[in-house]
Every structure is written in C-alpha cells, then in structure tokens.
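So that the names make sense, note that chain A is the first sequence line, chain B the second, and so on, each numbered from 1.
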2 protein chains.
Amino acid sequence: MSLRAVKPPHETRTRILDAAEELFMQHGFEGTSMRLLTTRAEVNLAAVNYHFGSKDALIEAVFRRRLDPMNAARIAALEKLETEAPGKPLAPETIIRAFVGESLRMIEDAKGGGRNFIRLLGRTYTEPAKAIRALIGQMYAPTMERYKAALERALPQMPREELVWRMHFMFGTLSYTLAATDAVQLIAGCKPEDRHDARLLEDRLTAFLAAGLGAPLKTAVRKAA
Amino acid sequence: MSLRAVKPPHETRTRILDAAEELFMQHGFEGTSMRLLTTRAEVNLAAVNYHFGSKDALIEAVFRRRLDPMNAARIAALEKLETEAPGKPLAPETIIRAFVGESLRMIEDAKGGGRNFIRLLGRTYTEPAKAIRALIGQMYAPTMERYKAALERALPQMPREELVWRMHFMFGTLSYTLAATDAVQLIAGCKPEDRHDARLLEDRLTAFLAAGLGAPLKTAVRKAA
DNA sequence: GTCTATATCATGATAGAC
DNA sequence: GTCTATCATGATATAGAC
C-alpha cells in the first residue's frame, strides 16, 4: 500500500473534468477558454493538453464520464422492470419513469457535480456543432433502441411513425427541462426548494409525458392536399 | 419613382442579417466569426460594425427582426379567438394551437430564411450566455403573460403552480422540436417530405401538448418527508 | 507530471483613404 | 457607404527546463 494516500492518483484529471462540466454549462464550449478552465480548476494551463490531448478530447471525456454509466443504469432499470413482470408488457408510464428518473436523480447530486452535468447535457442536445451532436447521438443509440422496443410492446396499437414523433417530443421536454431548471422562475415565481426536489419534478414530468404519449389518435389521418 | 430600383436601399443590412441567421444556427454565436459571416454575406468585413455597431448588437438585431412580428402575431391570434367567442373560455387545445402555429408556419418559409430563424430560436432557449437569455426572455414576456392568462381561464380548476410547470414543459417541447427538426431522423427513419410538413407537425404537437397539459391531477399532493 | 515561456494564428474592432 | 490595412487581444497548442 502506498504511503502517500493523501493525493489521489488522478486528482488533476478530475479537477479539470469538474471545472469543465461547470464552465461548459455556464458559457458553452466555444465560450470557455483553456485559460479560464485551468484557472478555475487550479491546475496549470498545459495540464489539459497533457492529460487529454486537446480541448475537443476533453469535451468527449466530460460526456463519457457521466453518460456511459447513466445509460447503463437506464438499461438496467428497464431490464429489472421487465424481469419482475415476465411476459407482460409494461405500462407506458412505468417505462417513462424509468427513463426520466435516472436523469433526475443526478440533479440531486449537487455536490458531486451531477447537476452541472445534467444541465450541460440538456443544453447540448441543441448544440450546433456536428461533432458533438454525433458523439452524443452515438452514446445514446443503444438506450434509445431499448426503450423504443419497450414502448412498442406497451403500445402495440400505435402507428410506429406516431410513436417516433412522440418519443421525440418526450425527449425534447426532458432535455429542455434539464437545461433550464432555473429558468422556470422567469415564467413565474416558484419556491426554490421545490425547484430542486427531484422527486416532485419526476412526478410532474412523468404525468405530463405519459399523458402526451397516450394522446388520442385521430381516426382520420390527414393527407396532404 | 427612383430610376435605380435594382438595388434595394438596405441590401447590405439584409444580406448580413440573413447570413447571420444561417451561421448562428449552424455554429452558434461564439462559433461564428465576423470573417466567415461577412464572406458568406458577400459584404466587406467592416460592414457589420458600420451597420450594427458590434457583433452583440447584430445578434440582437437578428432576433428583433423576426421575434417582434411573431409575438405580435401570436397575441393577435389569441385576441381574434377571444373576440370570436366572447365571454366563453377557449378550449386549451385551441390556445395551444394558436401559439404553436405561429412558429410552425415559419418553418415552411425555407426560402425567406424563416426556417433558419426558427431553428436558431429553438437552440437559443438553452443558450448559456446570460445577455442573450435575458434579451429573449424580455421579448417573450408580454406574450407569455397573455397566454398564461388565457390558460388560467380555460383551466380554472388547475393549481397555478402546476399550470406554470406544464407551460414550462410545453415550451420546452416546442423549442426542442424546432431546434432539432432534422435530428428526428437519428431516432428513426422518417419520410423527409413529412418532416417539413408544418401542418402535420402542428397536429402532432398540438395533440401531444394538449394531452400533457390536461394530464390527470394527483388527488393526494405529495409532501416532502 | 508540472511548470514557464512562447509560437502561431484567429478574433473583434477601428482608422483613414476613397 | 465601402474598402484596405492594421491594432490589440486572446485563443490553442507546444517546447523544453525542472
């Protein structure tokens, strides 16, 4: 056992990742300079290039650190539900809650930086840079396929195309809500302690999304004139 | 009548605004340099500073050009509906359709640049720069107040706090959908001609949002432990 | 692994001729 | 109003001492 257990092996890496998470969320990628970032992390300016190679590689590392475990947890949550009720299709609301819950539990992790990451993630879904969009899409693909299959089993009567659109809407609601959890006070006054209560938000979001997903289908399909 | 009607009076201004709309949407504000912008607009590098004063002032002008008329149209649409049915509260779905419709009609305006602006707007809602967020929020405030009042009349039994959250969710769904209308193909294949059919999208969005807004209220209000 | 110093380049903005 | 030339600044990245 090493005698110098005081200093963690990758402390510098971690400090950089934490600072990047916070600053990217606040100022965006292009808006965050390496000077500001390394100053905030209290590491040397050259440390980012030494540990990650480039700014772009740092961005990727920031997402991988949180997104890979989060998506694994999402898939595990879904598989646990399906194992508990073998054969039977799950209720749509149950599926939605499993997906939403993993994001929202991270919001409660203010100290560990989880909240910073969740807000960063929310705003990155609409990021224009193609490389970043492609990166995120790739990390999400297996999870999305898995949940799509579950929803198809839960709603066999819904046209596949309509389901895809509604999943798109649901994803948008979630990511916007995550990105702008503090912006809600712009719309109206709202008790701050409620804003950060992830359980309440989970209930509200799940109810909204489940109702939207189950909206009545028009019997007459409109055709272009 | 002037003899030189060939060259519009503010052609340079317009060319700059159009190029800015497109490039800001593609690369963000910080990611768009004045050099790229003026090259794309085929104007001189110094023209932006001459006509707008600074890059920040240009950003503001880009939003004002479209947002002021769009919000005026939204308020006019709501007032028209209320005039047609005096005294009676409007159906929630009718109110939603009025709000959503004004955005989506702009999507069909591909040639005039309306689509570029709508996608820019969608991605700007999650923009981290505070100055831009404040600018947009300020331009939107009167419209939001107006629609909130209409929804309160339409849904008198809904707790005000719940309504605020659901409006937040609806706004998020709309803005994400506008920002990522091409990203839907990442989730699943989708006929391109449908993607740009604003009428179909308006129907789909309105049905989803109206159902979410009208989601059943939990009888037992959860209290924090 | 960490640091200082610096190379190299792109940025927003402006001065001043036309 | 438009152009060229340029300034001052800040960016990422790296070389090389420690």
Task: Pair A:Glu82 + A:Arg146, salt bridge at N-O below 4.0 Å - done: yes
Open item on the list: On the nucleotide D:dT2, are OP1 or OP2 found under 4.0 Å from the side-chain N or O atoms that B:Thr12 carries?
Closed with: yes
Open item on the list: Generate the contact string for nucleotides 4-18 of chain C. Rules: B means base contact, S means sugar-phosphate contact only, - means no protein heavy atom under 4.0 Å.
Closed with: B------BBBB----
TODO: State whether the side chain of A:Arg133 and the backbone N or O of A:Glu127 hold a donor-acceptor pair below 3.5 Å, judged by distance alone.
DONE: yes
TODO: Could you tell me which non-hydrogen atom of B:Leu58 sits nearest to which non-hydrogen atom of B:Ala20, and how far apart they are?
DONE: CD2-CB, 4.2 Å
Open item on the list: I need the minimum non-hydrogen distance between A:Glu21 and A:Leu120, along with the two atoms involved.
Closed with: O-CD2, 4.2 Å
Task: Nucleotide D:dG1, atom P - distance to CD of B:Glu42 in whole Å - done: 20 Å
- [ ] Rounded to the nearest angstrom, tell me the gap between atom NE2 in A:His51 and atom C1' in D:dA13.
- [x] 16 Å
TODO: Take the angle between the ring planes of A:Phe24 and A:Phe29 and call it parallel below 30°, perpendicular above 60°, tilted in between.
DONE: perpendicular
